[in-house]
Amino acid sequence: MPDPTTALPVIGSRCWRDLISPETGATVLSPAAGTPEDDPMVELAYDEGGSGWWPLSTLVFEQA
């Protein structure tokens with residue numbers, strides 16, 4: 001679970017969806033409003049096309 005005091009990711013920030021394949025990444029499109037505070041949902045645009053919603057606890061954000 002993420003730390004509830006941690007801010008949601010900024011729109012446009014990058015993340016990995018799989019630690020085994022860090023080249024398979026995504027860009028944050030939108031943090032979801034009205035999702036559980038202990039594990040909010042984040043909408044991602046995938047590098048290989050398309051988009052989807054993921055719980056914040058499943059994402060690893062790269063350091064810019």
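A donor-acceptor pair under 3.5 Å links the side-chain atoms of Arg14 to the main chain of Ala26, judged by distance alone. Without hydrogens or angle criteria, Asp39 side chain to Pro55 main chain gives no donor-acceptor distance under 3.5 Å.
Once rounded to the nearest 0.5 Å, the distance linking CH2 of Trp54 with SG of Cys15 reads 9.0 Å. Between the CH2 atom in Trp53 and the CE atom in Met41 there is a gap of 7.5 Å [rounded to 0.5 Å]. Atoms OG and CG, on Ser51 and Leu29 in that order, are 6.0 Å from each other to the nearest 0.5 Å. To the nearest 0.5 Å, atoms OH (Tyr46) and OG1 (Thr27) are separated by 12.0 Å.
Checked against side chain to side chain contact (heavy atoms under 4.5 Å, CB included), Pro31 has the following partners two or more places apart in sequence or in another chain: Leu8, Ile11.
Of all non-hydrogen atoms in Val10 and Val28, the two that sit nearest each other are O-CB, 3.7 Å.
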